[in-house]
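Basis for what follows: all heavy atoms, side chains included, without hydrogens, waters or symmetry-related copies.
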Amino acid sequence: MSAALQLAAFGLALVSTLFLLLATCTDCWMVNADDSLEVSHKCRGLWRECVTNMQDGVRTCDQYDSILADHPVKIVVTRTLLITADLLAGLALATLLLGLDCIKFLKEDPGVKLKMCYGAGATLGVGSILGLVGSVWYAVDVYLERAMLVSHHIFLGVHYDFGWSCWLGMAGSTGCSVASILLTCCLY
């Protein structure tokens, strides 16, 4: 039972870590959600802003000036939290891999392997909290920005909703959290 639970937690942690990495690297955190007939599809991410022409599919992206340039707080905080979550999830994944019962590393000392699984679960838990806070911070800021514009009757021609990268960050963080719970609460 313990080995099956470890493998399930490892599989979930692997997929969730990949989701977090993809969310950090991709550029569709905000997507234009205008109901009118659009000729282009706009996405804003943590690193760049991209526009795709709907007729011919040509995509152009503008990199943000510099990592050190003045950026909105939501971008800086989300970058920091997601990069930290990625690093913690990767470290937890490596530790969990070595702590699995089916791996021959430290086979003669099952107590150490169990502690490695618990440590990986705790690290995944911290990473999942950081990733979820970063993703939700960004989503709430997008919502508040739009609500402020609507309340002041300002229409800029395009309004943005949450993009698939934001949802991917939330899904990856939630998956890491579930894997953490499996590893810290369910292993005996």
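- Considering NZ of Lys115 and OG1 of Thr95, their distance stands at 15.0 Å, rounded to 0.5 Å.
- Applying the side chain to side chain contact (heavy atoms under 4.5 Å, CB included) test between Leu183 and each of Leu12, Val178, Leu124 identifies Leu124 as the sole match.
- For the pair Glu49/Cys61, no side-chain contact is recorded, criterion being any heavy-atom separation below 4.5 Å from C-beta on.
- Ile83 and Phe19 are members of different hydrophobic clusters when ILVMFWY side chains are connected at heavy-atom separations under 4.5 Å.
- Within the 4.5 Å cutoff, the side chain of Ile75 has heavy atoms near those of the Tyr138 side chain.
- In this structure, SG on Cys166 lies 9.0 Å from CG on Leu46, to the nearest 0.5 angstrom.
- The pair Arg44-Asp62 does not count as a salt bridge, with every side-chain nitrogen at least 4.0 angstrom from each carboxylate oxygen.
- Not less than 2.5 angstrom separates the SG atom of Cys28 from that of Cys50.
- Taking 4.5 Å as the limit, every side-chain heavy atom of Trp47 sits out of range of all side-chain heavy atoms of Thr26.
- Here the side chains of Ser165 and Asp27 are not in contact, with every heavy-atom distance at 4.5 Å or above.
- The hydrophobic clustering, which links ILVMFWY residues whose side-chain heavy atoms are closer than 4.5 Å, places Leu22 and Val15 together.
- By the 4.5 Å heavy-atom criterion applied to side chains, Leu91 and Leu87 are not counted as neighbours.
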Given Met30 and Cys43, is the side chain to side chain contact (heavy atoms under 4.5 Å, CB included) satisfied, shown in steps? CA-CA 6 Å; Met30 287 172 50; Cys43 281; over 6 Å; no
